Amino acid sequence: MSRKVLLHVGCPKTGTSYLQDVLFRNQSLLREHDLLYAADRFDAHFLAALDLMTLPWGGIETEAVGAWDRLAAQVREWHGTAIISHEIFARATPTQVRRALDSLGDAEVHVVLSARDLVRQVPAEWQENVKHRSHITYARFLETIRDPARESRIGSWFWAVQEVPDILDRWGSSLPPERVHLVTLPPSGSDRGELWRRFSRIFGLDALPLDLTAERENPSLGVPETSLLRTINERVTSIIAPPDYRPLVREVLAHQTLSRGVASARLGLPPDAHAWARDLSRSWTAVLAERGYDVVGSLDDLLGPEPGPFADPDTTTAAELLAPALDAISALLVEGARLRAVEERLHEELREAREERDHARATPSYRVRRKVVTTLEDSPAGRGTLDAYRRAKGRIRG
């Protein structure tokens, strides 16, 4: 039985990919210190979240059947502290939350939520939509999430995974406030290691010699790069299936290529949306302060930066798109050359396999066996003999 479970439930775009990568790569070391991060593949907890919430996800949900129950069983059997982490848990309904907490047995459950100010989260969420095949304009996206009805697919998803007081109400209502932990992301320009130090304190990782090398992150894009990707989506999403889009567009173009445009303008909010986001954040911090949660960082971190210059991705010029477009073309040419090399190697392996087959067929013993089989196949009795032989041969091999 786990003595303690640290259940990290979100939010998206709060350093979660990096945290999960560190936990995944250091599982053996964590176990030596009585910490369990049970994952046989990097996305194991993502699959568990899909299973818990029965979410469709481009066909991946078929791999997720039973994933939550398997993870919960491993956690129940662990003798120390277990960690569960994925950002889409933030979307869970009260019923799904109850199922999750009940399935963890008698462990002392602590809910952890990492949160970033809306001034940065809103642009980041639009970018995530674009990286997942959307070609909605930024203006339309802002209009959609500011709709008080919140009935659209985009709006309902955004608030389900970003409205901090509501997420903590759903996940923490049955827990004492000292077992609900809110990790705030440091302001822009802070020491890059500060967020990790905040995570370390919550998850009990401070004194461990972990490998913190970044292998998986979810990098942001600049304004022209995001605008280019959205334009590409308008052209290709109707002709490129999701399984092909992810490795080519999201990984090769967005993450490996366009995210390197460090000199590009960073996406922010237009003045009216900026004021709206800060006003809403102030109301959130007032609610959170009254609840008495354990805050790692400061609630003031959730207010966001002061307004600055705004670069509109919907009005990016052709000249501004040229540099990232050339980078994208170069990356796709390199990837095309790599895939051609793979294809040629596979063709060569296939040719060699056919030559070996043809050589085997040319031997006298093969010709004799082939003649016997052909003769037997010409009569019902012979076919029965062949079937019996093949079944017997299968049992002997097994």
Side-chain angles (χ1 to χ4, degrees), residues 7-16 49-50 52-53 55 85-98 100-101 110-129 132 134 136 138 140-175 177 179-187 195 218 267-269 272-305:
L7 182 51
H8 179 220
V9 300
C11 298
K13 298 300 291 184
T14 59
T16 55
L50 291 182
L52 175 70
M53 295 181 282
L55 282 177
S85 174
H86 203 275
E87 55 274 17
I88 68 167
F89 281 120
R91 187 189 179 279
T93 66
T95 299
Q96 292 161 350
V97 168
R98 284 194 298 273
L101 298 181
H110 291 243
V111 166
V112 181
L113 184 73
S114 46
R116 183 167 66 160
D117 59 89
L118 280 174
V119 172
R120 290 182 290 173
Q121 285 294 71
V122 171
E125 189 72 16
W126 177 65
Q127 283 193 357
E128 283 303 299
N129 273 265
H132 285 84
S134 174
I136 187 174
Y138 192 37
R140 178 59 183 152
F141 176 82
L142 293 174
E143 179 184 342
T144 299
I145 65 168
R146 293 180 67 179
D147 178 4
R150 300 183 180 182
E151 294 176 345
S152 67
R153 179 186 61 82
I154 288 175
S156 61
W157 174 268
F158 178 84
W159 293 113
V161 299
Q162 297 293 350
E163 190 167 19
V164 174
D166 179 57
I167 297 168
L168 290 177
D169 187 48
R170 280 182 275 125
W171 276 101
S173 61
S174 65
L175 301 175
R179 282 163 52 185
V180 179
H181 310 276
L182 175 61
V183 180
T184 63
L185 264 67
L195 176 58
N218 190 2
L267 183 61
L269 291 176
D272 64 323
H274 191 283
W276 159 80
R278 294 201 81 190
D279 288 345
L280 182 56
S281 298
R282 288 190 189 94
S283 69
W284 287 3
T285 59
V287 170
L288 296 170
E290 291 178 354
R291 293 185 181 178
Y293 298 140
D294 173 39
V295 178
V296 183
S298 169
L299 290 178
D300 288 341
D301 293 338
L302 298 180
L303 298 179

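Just so it is clear, the structure is predicted and the values come from calculations on it, not from any experiment.
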Pairs flagged by ring-ring contact (aromatic ring centres under 6.0 Å, His included) wherever residues 142-168 is involved - sequence neighbours left out =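 ring-ring contact (aromatic ring centres under 6.0 Å, His included) check on residues 142-168 returns Trp57-Trp157.
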Might you point out which heavy atoms bring [X] and [Y] nearest each other, and give the distance in Å?
X      : Y      : answer
Gly10  : Ala90  : CA-CB, 4.4 Å
Thr16  : Cys11  : CG2-O, 3.5 Å
Pro165 : Val287 : CB-CG1, 4.3 Å
Ala100 : Leu52  : CB-CD2, 3.9 Å

Report the distance from atom [atom1] of [X] to atom [atom2] of [Y], rounding to the nearest 0.5 Å.
X      : Y      : atom1 : atom2 : result
Leu113 : Leu288 : CG    : CG    : 9.0 Å
Leu267 : Tyr138 : CG    : OH    : 4.0 Å
Asn129 : Ile154 : CG    : CD1   : 5.0 Å
Gln162 : Ile145 : CD    : CD1   : 9.0 Å
Arg282 : Leu118 : CZ    : CG    : 12.0 Å

Output every pair passing salt bridge (Lys or Arg N to Asp or Glu O under 4.0 Å) with a member in residues 111-125, not counting sequence neighbours, ordered by first then second residue.
->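 Output for this query lists Asp117-Arg120.
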Just grab all the salt bridge (Lys or Arg N to Asp or Glu O under 4.0 Å) pairs involving residues 283-301, residues at least two apart or on different chains.
->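 Residue pairs passing salt bridge (Lys or Arg N to Asp or Glu O under 4.0 Å), neighbours aside: Arg198-Asp301, Arg201-Asp294.
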Can you name the residues that form a ring pair (Phe, Tyr, Trp, His ring centres under 6.0 Å) with His181, not counting sequence neighbours?
->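 In terms of ring pair (Phe, Tyr, Trp, His ring centres under 6.0 Å), with neighbours along the sequence ignored, His181 is linked to His110.
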Kindly write out the residues that satisfy ring pair (Phe, Tyr, Trp, His ring centres under 6.0 Å) with His274, not counting sequence neighbours, or none if the list is empty.
->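 Checked His274 against ring pair (Phe, Tyr, Trp, His ring centres under 6.0 Å); zero matches.
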Do any N or O atoms from the side chain of [X] and from the backbone of [Y] form a donor-acceptor pair under 3.5 angstrom?
X      : Y      : answer
Arg278 : Leu303 : yes
Gln121 : Pro12  : yes
Trp126 : Ile136 : yes
Arg170 : Gln96  : no

Counting C-beta onward and ignoring hydrogens, is there a side-chain heavy-atom pair between [X] and [Y] closer than 4.5 Å?
X      : Y      : answer
Leu269 : Leu142 : yes
Leu302 : Leu182 : yes
Tyr293 : Leu168 : yes

Criterion side chain to side chain contact (heavy atoms under 4.5 Å, CB included) on Val180 and Trp171, from CA distance to verdict = CA-CA 9 Å; Val180 179; Trp171 276 101; over 6 Å; no
Report the residues that fulfil side-chain hydrogen bond (donor to acceptor under 3.5 Å, both in side chains) with [X], sequence neighbours left out, ordered by chain and then residue number.
X      : value
Ser173 : none
Glu143 : Arg140
Asp147 : none
Ser283 : none

Side chain to side chain contact (heavy atoms under 4.5 Å, CB included) partners for Ser174, two or more places apart |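 So Ser174 forms a side chain to side chain contact (heavy atoms under 4.5 Å, CB included) with Leu101.
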How would you list, by chain and number, every residue that makes a salt bridge (charged side-chain N to carboxylate O under 4.0 Å, His left out) with Arg179, sequence neighbours excluded?
->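 Salt bridge (charged side-chain N to carboxylate O under 4.0 Å, His left out) list for Arg179, sorted by chain: empty.
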Partners meeting salt bridge (charged side-chain N to carboxylate O under 4.0 Å, His left out) with Arg146 (sequence neighbours left out) =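 Salt bridge (charged side-chain N to carboxylate O under 4.0 Å, His left out) check on Arg146 returns Asp272.
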Classify the angle between the aromatic ring planes of His86 and Phe89 as parallel (below 30°), tilted (30 to 60°) or perpendicular (above 60°).
->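 Answer is perpendicular, since the angle exceeds 60°.
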Reference residue Ser114; test side chain to side chain donor-acceptor pair (under 3.5 Å); the match among Glu87, His8, Lys13 |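 Among the candidates, only His8 passes.
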Are Arg98 and Thr95 linked by a side-chain donor-acceptor pair shorter than 3.5 Å?
->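 Indeed, the side chains of Arg98 and Thr95 share at least one donor-acceptor pair under 3.5 Å.
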